[in-house]
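Just follow the structure's listing: the first ligand is 1, and inside any ligand the first atom is 1.
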Amino acid sequence: MRIKIFVFAMSCFTLTAFGQGNNPVEERIDELVSQMTLQEKIGQMNQLTGMGLSKNMKESVKTGKVGTILNELNVNVVNELQRIAVEESRLHIPLIVARDVIHGFKTIFPIPLGQAASWNPEVAEEGARVAAVEASATGIRWTFAPMIDISRDPRWGRIAESCGEDPYLTSVMGVAMVKGFQGADLSAPASIAACAKHFAAYGASESGKDYNTTWIPEVLLRDVYLPPFEAVAKAGAATFMCSFNDINGIPSSGNPYLNQQILRNEWHYDGVLVSDWGSIQQMIPHGFCADLKEAAMKAANASVDIDMMGYAYTKHLEELVKSGEVSEKTVDEAVRNILRLKFRLGLFDNPYTKVEGKLPYYTDKALDKAKWAAAESAVLLKNDGVLPLKKDIKTIAVVGPLADAPADQLGTWCFDAEPERAVTPLAALRDLYGKRVKIIAELGLQYSRDKSEEGIAKAVKAAEQADVVLAFVGEEAILSGEARCRADIDLPGKQTELLAALKRTGKPVVMIVMAGRPLAITREAEMADGILYAFHGGTMAGPALADLIFGKSVPSGKLPVTIPRMVGQVPIYYAHKNTGRPASNITLMDDIEIGAKQTSIGFTSYHLDAGDRPLFPFGYGLSYTAFQYGDVRLSSGKLKQGDTLTVTCDITNTGNYDASEVVQLYIRDRVASLIRPVRELKGFKKVFVKAGETHTVSFQLTSDDLAFWQNAKMKKAEAGEFQVWVSTDSQTGTPTRFLYEE
Ligand code: BGC
């Protein structure tokens, strides 16, 4: 396609600074806004889904009735629509094309929950960078990621898209993803605007059911759900998206406190806030608005700049401005934010996408990175000495419905990837280790929900002929993600029966779990001799797992979320508060004597059938080597406001493998005006330590790390005693104490 670049008067202005004030871009924005009709302004606030080069779409672009488009994937269509926008529309304002590019476009990285399990921000940044390079080649310049909702409920299907349960880990990974998507320069052709979503507290949906209501005290909102959003806002995330849920009765798309007071006034955010798909219109079934007109009014007055597929603004904003229910100033502010984004993306200068040459999909470099990311994301949860496979292993049995399920290993939100490009564990084992060992593949079940036990006998036969069984179990991709919530988080179908039958052969069983959420695998964990929790690992999950199993690489992932023993424990997370009666002398119900008196087993806080511990805690993950933690050293026994406390610990690799360890820093405020969690993550470092060597790790703590929200207006650290741990997970280690003085 021959592209005629329209030389718009504005193109001489390149974006040099993001702030407002004496800034040529802000002046150009003001000038443009002053020339726009109300209808053109409303057009900018309207986002439509791609309709190719339909008459309707072309007309909407030409007349300025649409400002951004989502889900248009044909680069020639994108360029032609862009041409219409910059050459034929009255004010020549370019379009932006958006798409959900969540953990890859073509080359798929592990699901975000898996990436978070790497505890390695480079994994997140590289994954987002590869996604940006691939997606931008198709004309996509805006992704709806990262999703940084704190998720403490594995029933919620969207936990797959999140970075798990912790605000600090999520902040670090979220910022890394923003950096990866946006690159060093957002106006570069291979950079795409990030979108922090879903603002806010969507992960707190009651009963883990999608779109559900939340009731969240202000201090909890600010301590737990908002920090990742504030972190990415400060890191330059170009856009934010409203969440579908209500908080305390107010849906986010109509919540001025959240969107104006917190986002704009407190954080000084000048990016775009887009609604979620139809979320403005959905304030009607919520029971918050009587009709679409009221919904448009409430959303506009709550600073929602763009209506994604809700038609609320196009249908009603003009009359609302005329009647004074929405001020034109409010509309202008929204339009300014949208135009600013278009400038930041460099679209006024370079509206078109280059189409010459080979598309940068599935490059060797991208595939290598995806393999590395999948290896970093796998968490070794149990190892009775079976892993890595010993040199004398001659025959392996490969079983389980996820062993050769290319589409499922990609996970949720992979609209554009070709499953045939995914390398499954079975294919990788054959390819990489097929000469070294004999591989007998009998999957036993066809898919994760398969209830037919017919194939189990064959899988057992394969196991009987093998030295070790590799059982790839878990969930199909369709069982997690948006609106894919489960009330039961056990392994679906007959997978438990399959594992039990394999166990009965007496052969060692390695269970590899490929899933979109933490599954309650308590019974199965007992049956397995080794467990690798791999999440949905993406295109290169197979080779990454094969190398981990054979010891070519060493597991280094740690859980970004607690794995419960059973669903009834949910919500269960490490940063819980203590009760007045913490669990002690636990007697489980099977151990209670028949006819026991009511007072015979004590009165503390736990479940009779589950105890008070999860199956595996947050931060947990083993290695093929062993790490020994030395005593924690503090630079002082006291931390004064304005000072820094250095926390140091020596980590020695006492095993036989060179390997990485995620060293974690936790604190606890012992006594406070509002009780504080039993532990809070305040830092982590993933360090590579050679066998036999010692690495010294240091962290800095300041009063900011100790501070918490006392109420909606005040956040501060309170004087008193603090405990600090440097540990391998959220449950072990010995605390050291220090005093904080205001
Ligand atoms: C999801 C968003 C997504 C949007 C656009 C919605 O249903 O909640 O996360 O970005 O659709 O596809």
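- With no hydrogens or angles considered, a side-chain donor-acceptor pair links Trp142 and Thr239 at under 3.5 Å.
- Side-chain contact check for Thr214 versus Glu206: every heavy-atom pair is 4.5 Å or farther apart.
- Proximity of Met147 to ligand 1 is not established, as no heavy-atom distance is less than 4.0 Å.
- Ion pairing of Glu230 with Lys234 is present here, as a side-chain N (NZ or NE/NH1/NH2) and a carboxylate O approach within less than 4.0 Å.
- Ser151 and Asp149 share no donor-acceptor pair across their side chains, judged by distance under 3.5 Å alone.
- Close approach of ligand 1 to His198 (heavy-atom distance below 4.0 Å) involves ligand atoms 2 (C), 8 (O), 9 (O).
- No side-chain N or O of Thr412 forms a donor-acceptor pair with one of Glu161 less than 3.5 Å apart.
- By the criterion of a heavy-atom distance under 4.0 Å, the side chain of Arg158, and not its backbone, is placed next to ligand 1.
- In this structure, Glu161 falls outside the shell of residues with a heavy atom less than 4.0 angstrom from ligand 1.
- Residue Tyr202 places no N or O, backbone or side chain, under 3.5 Å from any N or O of ligand 1.
- Annotation for ligand 1: atoms under 4.0 Å from non-hydrogen atoms of Lys197 are 2 (C), 3 (C), 9 (O), 10 (O).
- With ligand atoms numbered from 1 in the order given, ligand 1 contributes 10 (O) to contacts under 4.0 Å with heavy atoms of Phe144.
- Listed by number with element, the atoms of ligand 1 under 4.0 angstrom from any heavy atom of Asp276 are 1 (C), 2 (C), 3 (C), 4 (C), 6 (C), 7 (O), 8 (O), 11 (O).
- In terms of protein heavy atoms, atom 3 (C) of ligand 1 is closest to Asp100 OD1, 3.2 Å.
- For the 3.5 Å distance criterion, the side chains of Glu218 and Tyr257 qualify, holding a donor opposite an acceptor.
- Using modelled atom types, one finds a donor on one side chain and an acceptor on the other under 3.5 Å when comparing Glu482 with Tyr211.
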